[in-house]
Engineer: 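Before I ask anything, let me first share the structure, which is written out below as structure tokens.
Naming: A, B, ... by sequence-line order, numbering from 1 per chain. On a predicted model such as this, the values are computed, not experimentally measured, just so you know.
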There are 2 protein chains.
Amino acid sequence: MRDRKVTSLDVAALAGVSQSAVSRVFTPGASVSEKMAKKVRDAANSLGYRPNVLARSLITGQSKIIGLVVAYLDNQFYPDALEKLSNALQAKGYHILVFMASGTGPEVDRVIDELLDYQVDGIIAASVGLSDELAQRCDAAGIPVVLFNRGQTDARLSQVTSDNRAGARAVAEHLIAGGHERIAHISGWSGSLTGQDRAEGFVSALRDAGREPVAVIDGMYRREAASQAVRDLMAMPEPPDAIFVGNDHMAFAVLDTLRFDLGLSVPNDVSVVGYDDVPLAAWKAFDLTTVRQPSNKMVEAAVNLLMNQIEDPAELAQKLTIEGPLILRGSTRPVEDAR
Amino acid sequence: MRDRKVTSLDVAALAGVSQSAVSRVFTPGASVSEKMAKKVRDAANSLGYRPNVLARSLITGQSKIIGLVVAYLDNQFYPDALEKLSNALQAKGYHILVFMASGTGPEVDRVIDELLDYQVDGIIAASVGLSDELAQRCDAAGIPVVLFNRGQTDARLSQVTSDNRAGARAVAEHLIAGGHERIAHISGWSGSLTGQDRAEGFVSALRDAGREPVAVIDGMYRREAASQAVRDLMAMPEPPDAIFVGNDHMAFAVLDTLRFDLGLSVPNDVSVVGYDDVPLAAWKAFDLTTVRQPSNKMVEAAVNLLMNQIEDPAELAQKLTIEGPLILRGSTRPVEDAR
DNA sequence: CATCATTTTGCATAGGTGTGCAAAACGAAC
DNA sequence: GTTCGTTTTGCACACCTATGCAAAATGATG
């Protein structure tokens, strides 16, 4: 015998009270007597009643759903962030609805449509190029947006990033201090602000020390592109002795290519530095020197930002920058070894 | 000027038709004339109208939301599956609502409550020990459940797994053919059917060849546990010359420990085999021999199973097993080298 | 033009919940 | 017991959409 859906009316009937009484018992802060609350709770438990979030959303205008837009999950930074975001939001009574948007342009537009269809209370966009039109539409619909680990110029969008310029600068300084002579950069996608910032911070720090990168190649955040880039670099007449890679995900491909395709030793022949400090970077197989993006803090900031904007729509968008340290590991020469 | 939510009534007013007409235009297969459809679509576009999925769900009983329950995302198998599941479901007009359930018992119960609150149309449970109570409650609520990469005895739950016994058996046979003398197993969590099946398939294949494993240790699906296990194994008076690890995630920790903590060579000193064939396994840094779990096929099967049960609630639960090949890589001695 | 079959449209209601408002219950003070 | 202030409760409606039903429109046929 398959149960029909049990509603607040069923509970009300069993408890011998009105439907609104049931509603109030399940609404924190509503006016209910202890006696009534007990009656209702007993009836609800015996029927297995739980309020229907979707019906509730109709009337409160709060779906308790946060849309998460993400492109790929093969870069460990994102599943890691997703897990933390989901846990943080779960604790606040929200849940994450996942939207994959690998492409750009029309595909992203379709995703936005679907986001609006589900009446999400807010949007977290990670790792995806969002058109300005997105900002426009979400703003018009009154849905707060937080860009996670992705910058954007539009002032209506909040964002949380690490201090990419400072991080890249620290990398440059460390490589110089390590006595490296020919320093190259395989950058993150040059179409992304994150990629640009890291590249610019890195190059400007080199210049401040009177140096120039021997090469800057766009790695597109893709393993194969990074792998090809490092092959090209090492085929130069005077190959680099240090490479800063735009994120860990690409850096792992660079390490593999250097060691196993080109037969080189890291850091003896080349030092390699990444960005993100995903858990993998600490594994001995990579032992990658990298800039930590403190995902805990970034998640916390993103969630707070979103919650504030949901509670008070007048709240204006903010652009937060979180500092992260350079983590020294075995993929770069220790500074003592400087010649 | 912040827009109020635009409803089908607004569209109807602008187009000079009834609300039901608008609804019909957005309901595939409803009876509408071409003229009317055009009028409505124009009005809808100019207002930026899109049907409210949540309000629709009230009346159709279909939320177009699938709940995904998952414990951790640090084992790459799961983000990979999540991405594929999300894409497959997105193509069918569904989206994934994420529920993290690291713990067991009461925490899982809370998750079930929340799943029901959101009126999900179906549930995919990956990597979590679900009590029989789950089956009970979801069955009562009429919500189909598919266990992904996780077995369960309850006949009411559908499940999709790879052929864990056959896969483990193939590993055993390959290790024997490779001339290994002392074969050990670091198993998946012995509380999971998946872990048990792999262990049993492996051990029974050894016995069929007149062999016994030198040791079987529970690795709990955790890196640290696996790392400790391999240290214990290699500290034995006669350490193993081959280790089958219950999944790739643990196998990576085993490789790191063997190479960098114990200074051993793989596969010269010890052969290592994993299970899953996550993308990482093919990276040169690991080059791990492993049993492939064809996540594409598993996802496809899981989605089909779920869709069938959603469309026809009378459809009975199925337990599907997908075959996966042993992928030979550099972490095991080639069979030609057998002495 | 009349008739009828068919398609299209509007009306009205349902789906499950929260909330403003007024009525009812309660409790205190005289 | 009466009065008044406070808390609790129920009534009725709103939120946004889909759909059964009957009325209207359309088109084909005689």
Side-chain angles (χ1 to χ4, degrees), chain A residues 3-41 43-44 47-65 93 116-121 141-142, chain B residues 3-41 43-44 47-65 93 113-114 116-121 141-142:
Chain A
D3 295 8
R4 228 185 72 282
K5 208 131 283 186
V6 34
T7 81
S8 59
L9 276 168
D10 302 330
V11 177
L14 178 61
V17 300
S18 73
Q19 176 270 326
S20 29
V22 178
S23 171
R24 273 187 264 262
V25 171
F26 285 91
T27 306
S31 154
V32 239
S33 70
E34 197 41 56
K35 194 171 48 178
M36 156 87 52
K38 177 164 171 30
K39 265 197 302 188
V40 169
R41 254 189 277 276
L47 293 178
Y49 169 77
R50 303 221 90 219
N52 180 332
V53 177
L54 272 33
R56 174 182 283 174
S57 83
L58 254 199
I59 200 148
T60 61
Q62 299 251 334
S63 63
K64 297 296 178 182
I65 297 176
L116 300 180
D117 292 352
Y118 280 93
Q119 313 290 114
V120 296
D121 290 340
Chain B
D3 295 8
R4 230 186 69 281
K5 209 128 282 185
V6 35
T7 80
S8 58
L9 277 168
D10 302 330
V11 177
L14 178 61
V17 300
S18 73
Q19 177 269 328
S20 28
V22 179
S23 170
R24 274 187 264 262
V25 171
F26 285 92
T27 306
S31 156
V32 237
S33 70
E34 198 40 57
K35 194 170 46 178
M36 156 89 51
K38 177 163 170 30
K39 265 197 303 188
V40 169
R41 255 188 276 276
L47 292 178
Y49 169 77
R50 306 220 88 220
N52 180 332
V53 177
L54 273 34
R56 174 181 282 176
S57 81
L58 253 200
I59 201 151
T60 61
Q62 299 251 332
S63 63
K64 296 295 176 180
I65 297 176
D113 283 346
E114 294 176 0
L116 300 180
D117 292 352
Y118 280 94
Q119 314 290 116
V120 297
D121 290 341

Engineer: Figure out the CG/C1' separation between A:L47 and C:dG16, and round it to whole Å.
Structural biologist: 15 Å
Engineer: Whole Å only: how far is the OH atom of B:Y118 from the C1' atom of C:dG16?
Structural biologist: 16 Å
Engineer: Say whether, by atom type as modelled, one donor and one acceptor occur between the side chain of B:Y118 and the main chain of A:K64 under 3.5 angstrom.
Structural biologist: yes
Engineer: Checking B:Q119 now: which residues fulfil side chain to side chain donor-acceptor pair (under 3.5 Å) with it, not counting sequence neighbours?
Structural biologist: none
Engineer: According to a strict under-4.0 Å criterion, is B:S33 in side-chain N/O contact with OP1 or OP2 of D:dT26?
Structural biologist: no
Engineer: Roughly how far, to the nearest 0.5 Å, is CG of B:D10 from NZ of B:K5?
Structural biologist: 12.5 Å
Engineer: Rounding to a whole Å, what distance do you find between B:K35:NZ and C:dT7:C1'?
Structural biologist: 12 Å
Engineer: From CE of B:M36 over to P of C:dT7, roughly how many Å is that when rounded to an integer?
Structural biologist: 17 Å
Engineer: Using atom types as modelled, flag every donor-acceptor pair under 3.5 Å from a side chain in residues 51-60 of chain A to any protein atom, sequence neighbours excluded.
Structural biologist:
from, atom 1, to, atom 2, distance (Å)
A:N52, OD1, A:L54, N, 2.8
A:N52, OD1, A:A55, N, 3.1
A:S57, OG, A:L54, O, 2.7
A:T60, OG1, A:R56, O, 3.1
A:T60, OG1, A:Q62, N, 3.1

Engineer: Please give the angle, rounded to 10 degrees, between the axes at the start and the end of the helix from C:dC1-D:dG30 to C:dC30-D:dG1, where five pairs define each axis.
Structural biologist: 40°
Engineer: Mind checking what makes side chain to side chain contact (heavy atoms under 4.5 Å, CB included) contact with A:A30, not counting sequence neighbours?
Structural biologist: A:R24, A:T27
Engineer: Once side chain to side chain donor-acceptor pair (under 3.5 Å) is applied, do any residues pair with A:S20, and if so which ones, sequence neighbours excluded?
Structural biologist: A:S18
Engineer: What is the separation between atom CG on B:L116 and atom C1' on C:dG16, rounded to the nearest whole Å?
Structural biologist: 16 Å
Engineer: How long is the span from the CD atom in B:E34 to the NZ atom in B:K38, to the nearest 0.5 Å?
Structural biologist: 9.0 Å
Engineer: Tell me: CD of B:Q62 to P of D:dT17, nearest whole Å?
Structural biologist: 18 Å
Engineer: Using nucleotides 17-22 of chain C, report all nitrogen or oxygen pairs with the protein that are shorter than 3.5 Å.
Structural biologist:
from, atom 1, to, atom 2, distance (Å)
C:dT17, OP1, A:Y49, OH, 2.7
C:dT17, OP1, A:N52, N, 3.1
C:dT17, OP2, A:S8, N, 2.5
C:dT17, OP2, A:S8, OG, 2.9
C:dG18, OP1, A:R56, NE, 2.4
C:dG18, OP1, A:R56, NH2, 2.8
C:dG18, OP2, A:S23, OG, 2.5
C:dG18, O5', A:S23, OG, 3.4
C:dG18, N7, A:Q19, NE2, 3.4
C:dG18, O6, A:Q19, OE1, 3.2

Engineer: Applying salt bridge (Lys or Arg N to Asp or Glu O under 4.0 Å), name anything that partners B:D117, two or more places apart in sequence or on another chain.
Structural biologist: A:R50
